[in-house]
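Because the structure is a prediction, the values reported are computed rather than measured.
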Amino acid sequence: MINDLWYKNAVIYCLSVATYMDANGDGVGDFAGLMRRLDYLSGLGVTAIWLMPFQASPCRDDGYDVSNYYEVDARYGTLGDFVEFTHAAKQRGIRVIIDLVANHTSDQHPWFMEARRNPKSMYRDWYVWSKKKPRGSNKGMAFPGVQKSTWSYDSVARAWYFHRFYDFQPDLNTSNPHVQAEILKIMGFWIQLGVSGFRMDAVPFVIATKGPQVSTPVEQYDMLRLMREFLQWRQGDAIILAEANVLPDMDMEYFGGAGDRMHMMFNFQVNQNLFYALAASDARPLQKALKATKPRPKTAQWGMFLRNHDELDLGRLTKQQRKTVFKAFGPEPAMQLYDRGIRRRLAPMLENDRRRIELAYSLMFTLPGTAVLRYGDELGMGDNLALPERQCARTPMQWSTEPNAGFTKSKKPISPVISVGPCGYEHVNAAQQRRDPNSMLNWTERIIRMRKEVPEVGWGDFEILTTRDVSVLAIRYDWRNNSVLFVHNLASTPREVSLSVGIAGESSRLLVNLLSEDHSQAKAGGKHRFMLEAYGYRWFRVGGLDYLLKRSDIETESADRVTPRRQRSRRGPVAR
Ligand code: NOJ
């Protein structure tokens with residue numbers, strides 16, 4: 001296994017340039033502002049920044065409607081500013097990945113304008129057309145309740161065009177080899193300007209067959225390999241992080257059996273079940289999701305997240321489970337969206353209860369994968385439900401108690417800063433939290449530091465341990481002769497935990513607590529017994545702190561896992 005796959009143990013921080021920091025006082029965040037905040041990000045400990053779309057755009061879907069892939073939107077700066085930014089990030093050891101919106105363009109993109117105007121233009125076939133209104137045009141909308149159709153009539157083209165998302169986002173005909181070549185060209189362009197990869201938007205739709213005759217789209221997985229090959233040739237350590245909310249039995253298609261397609265995918269399956277686990281204090285469906293998403297190529301990685309810039313999509317849960325999550329975290333209709341999700345930020349969903357927020361974060365950092373944080377969550381920022389759709393959770397970063405939270409000197413920020421309630425910027429801001437050792441910000445910084453010291457999470461194999469308590473999740477990772485163990489109490493009441501580490505040998509008798517002084521010594525029978533406070537969590541290293549010396553340079557068949565009792569009596573303890 002190659003040692004330097006940086007994305008296996010990265011800490012990714014997602015932000016939108018528009019709402020992060022405004023340097024020129026026009027009310028809109030910009031690259032010059034973001035650059036000045038790189039020291040903050042470096043101090044927090046993030047190792048990669050994921051930039052949401054910043055290319056030229058009418059911005060009717062926050063930049064996911066691109067009108068020029070090769071330009072920075074003028075409100076955020078210039079290509080020159082962008083390169084200064086990637087350079088400054090690199091100097092601090094921070095990588096940059098950017099959104100790649102390849103499924104559709106803006107309807108204002110010159111390609112679409114030309115395509116609709118001129119049926120003979122080469123661009124006509126870059127989009128998906130139909131002479132007649134196709135059957136089923138009222139099905140398959142990405143934003144049900146807001147978007148009425150997936151086909152719209154264009155009076156200039158005198159034809160219907162396909163759009164999986166809003167009507168101002170015409171789908172590209174991604175089966176057209178010229179379109180595919182253009183997507184590679186876009187990737188090559190930004191790679192040249194210093195990025196380390198892409199968060200690819202809406203991947204299942206990018207690779208789906210499209211057209212009026214297509215009633216059941218088919219995924220063209222070869223396209224993923226094509227992009228991977230191109231990228232790896234242009235820059236060996238660049239990655240693609242796929243947004244693909246698919247069922248677990250499709251995962252290997254996206255990763256590629258030989259690890260030859262997507263490097264990373266967001267784990268939507270775990271995300272939804274994690275919120276269910278938090279809502280119901282029941283770890284079982286989460287365990288099931290973890291097991292279902294376990295198979296992946298050695299070089300592939302999951303992106304673990306709590307909230308992102310979209311709604312918390314609960315569409316993969318059962319109706320009953322969804323009801324439970326809605327009741328706990330988004331009971332009012334105004335908090336819900338698209339008949340399937342919750343549009344709030346994390347902190348208000350968890351009633352600004354620090355114990356629950358830490359629990360959620362501790363889970364995110366210790367579940368198998370690489371953590372992806374959302375800007376402002378490190379402070380416990382809130383939402384503004386008066387804003388439409390997903391805008392409620394995309395308000396400007398809260399830097400200080402200065403007017404408009406120090407985000408801008410303008411009186412008119414691009415989106416209103418949250419100024420009322422417990423999450424208003426006078427209570428929740430980076431400047432105050434920096435000075436308070438017990439703040440959420442400083443807790444996040446410390447937990448990131450510790451996460452970097454447990455690379456077993458990113459690299460290792462995991463096993464879920466039996467605790468006989470549905471509210472307690474215990475998960476152990478083994479990697480290169482070392483093991484770590486994480487235990488979480490999802491319940492609002494304290495729990496006594498009794499568990500066996502599942503590894504033979506002396507080392508499993510001692511669990512060193514990585515976050516506080518209460519270590520655990522095994523009892524006479526070899527089991528560990530300890531109390532977990534309500535919503536409590538423990539990060540343990542199995543054995544002493546000389547683990548660094550024990551770490552082998554190559555994969556080993558190290559952890560002498562104890563096999564279940566039945567098997568043990570027949571075969572004795574076996575190594576993996
Ligand atoms: C997924 C993005 O996360 C979302 O914000 C956007 O609206 C759609 N794709 C369309 O690009």
Side-chain angles (χ1 to χ4, degrees), residues 12 14 50 52-53 61-62 64 99-104 139-147 150 163-166 169 171 174 198-208 210 216-221 223-224 240-256 261-277 285-286 288-290 292-296 300-319 321-322 325-326 329-330 336-343 364 367-372 374 389-390 393:
I12 303 177
C14 157
W50 152 27
M52 297 179 56
D61 182 17
D62 257 327
Y64 285 96
D99 245 290
L100 176 65
V101 189
N103 181 63
H104 46 265
K139 293 207 179 78
M141 281 82 73
F143 304 125
V146 179
Q147 181 191 352
T150 51
H163 51 91
R164 176 63 67 186
F165 297 92
Y166 297 111
Q169 289 165 316
D171 266 46
T174 42
F198 303 91
R199 176 265 188 195
M200 204 196 290
D201 190 52
V203 177
F205 301 130
V206 173
I207 62 173
K210 313 175 186 192
T216 316
V218 178
E219 292 89 351
Q220 306 164 92
Y221 293 111
M223 283 172 60
L224 300 180
I240 304 178
L241 162 56
E243 188 216 11
N245 184 351
V246 294
L247 287 170
D249 55 2
M250 314 291 286
D251 292 343
M252 284 307 272
E253 297 285 9
Y254 283 81
F255 285 132
R261 292 175 185 162
M262 302 288 94
H263 305 73
M264 289 186 75
M265 287 212 277
F266 287 110
N267 198 329
F268 283 95
Q269 192 71 18
V270 163
N271 176 262
Q272 310 195 5
N273 282 285
L274 171 55
F275 276 95
Y276 173 76
L286 175 58
K288 210 170 146 198
L290 289 168
T293 55
K294 194 170 181 181
R296 61 180 146 94
Q301 185 60 302
W302 285 114
M304 286 294 169
F305 64 105
L306 292 168
R307 289 288 292 111
N308 61 19
H309 61 291
D310 291 326
E311 80 287 1
L312 165 63
D313 185 342
L314 303 169
R316 301 255 180 241
L317 298 180
T318 64
K319 209 167 162 201
Q321 289 173 330
R322 199 161 36 246
V325 184
F326 274 139
F329 300 142
Q336 303 171 6
L337 196 60
Y338 309 140
D339 307 329
R340 62 171 178 233
I342 298 177
R343 63 190 194 116
M364 179 185 75
L367 290 178
T370 286
V372 185
R374 171 143 172 78
E389 288 185 67
R390 295 159 292 159

Report the residues that fulfil side-chain contact (heavy atoms from CB on, under 4.5 Å) with Pro285, sequence neighbours left out, ordered by chain and then residue number. Asn273, Tyr276, Asp282, Gln321
Would Phe266 and Val203 count as a side-chain contact (heavy atoms from CB on, under 4.5 Å) if you check the C-alpha gap in whole Å, the side-chain angles of each, and the deciding distance to 0.1 Å? CA-CA 11 Å; Phe266 287 110; Val203 177; over 6 Å; no
Ala393 versus Arg374, closest heavy-atom pair with distance: O-NH2, 2.7 Å
Taking salt bridge (Lys or Arg N to Asp or Glu O under 4.0 Å) as the definition, give me every residue that meets it alongside Glu389, ordered by chain and number, with sequence neighbours left out. none
CZ (Phe255) and CZ (Arg261) are apart, to the nearest 0.5 Å, by 12.0 Å
Tell me every residue that passes side-chain contact (heavy atoms from CB on, under 4.5 Å) with Asn271, counting only those two or more places apart in sequence or in another chain. Phe275, Phe305, Leu312
Using atom types as modelled and distance alone, determine if a side-chain donor or acceptor of Glu219 lies under 3.5 Å from a backbone N or O of Pro204. no
Among His163, Lys210, Arg164, which residue satisfies the side chain to side chain donor-acceptor pair (under 3.5 Å) criterion with Asp171? Lys210
Apply side-chain contact (heavy atoms from CB on, under 4.5 Å) to residues Glu253 and Leu224 and explain how you reach the verdict. CA-CA 10 Å; Glu253 297 285 9; Leu224 300 180; over 6 Å; no
Give a yes or no on whether the backbone of Leu317 and the side-chain of Arg322 come within a donor-acceptor separation of less than 3.5 Å. yes
Is the distance between the ring centroids of Phe165 and Tyr64 less than 6.0 Å? no
Between Ile342 and Arg307, the two heavy atoms sitting closest are O-NH2, 3.7 Å
For Met265 and Asp251: C-alpha separation, side-chain torsions, deciding distance, then whether side-chain contact (heavy atoms from CB on, under 4.5 Å) applies. CA-CA 9 Å; Met265 287 212 277; Asp251 292 343; 3.8 Å; yes
Closest heavy-atom pair and its distance - Pro248, Gln269: CD-OE1, 3.6 Å
Supply the atom-to-atom distance Met264 CE to Met304 CE, rounded to the nearest 0.5 angstrom. 9.5 Å
Got a second to check how far Met52's CE is from Asp62's CG, nearest 0.5 Å? 6.0 Å
In Å and rounded to the nearest 0.5 Å, what is the CZ to CG distance from Phe198 to Leu100? 6.0 Å
Contact summary for Val206 and Asn103, nearest pair of heavy atoms: N-OD1, 3.5 Å
Look up atom CD1 in Ile207 and atom CE in Met223, then write down how far apart they are to the nearest 0.5 Å. 7.0 Å
For Arg390, enumerate each residue passing the side-chain hydrogen bond (donor to acceptor under 3.5 Å, both in side chains) test, keeping only those at least two apart in sequence or located in another chain. Asp61, Tyr166, Asp310, Tyr338
Heavy-atom closest contact (Asp99 atom, Arg199 atom, distance): OD1-NH1, 2.8 Å
Derivation and outcome, side-chain contact (heavy atoms from CB on, under 4.5 Å), residues Leu290 and Val270: CA-CA 6 Å; Leu290 289 168; Val270 163; 3.7 Å; yes
Main-chain N/O of Leu241 paired with Trp50 side-chain donor or acceptor, under 3.5 Å: no
Residue set satisfying side-chain contact (heavy atoms from CB on, under 4.5 Å) with Asn245, at least two apart, ordered chain then number -> Phe268, Gln272, Asp313, Arg316
Could you tell me which residues satisfy side-chain contact (heavy atoms from CB on, under 4.5 Å) with Met141, sequence neighbours excluded, listed by chain and number? Gln147, Thr150
Looking at every heavy atom in both Val372 and Gly303, which two are closest together, and how far apart are they? CG2-CA, 4.2 Å
Measuring from Arg296:CZ to Met252:CE, what's the distance to the nearest 0.5 Å? 10.0 Å
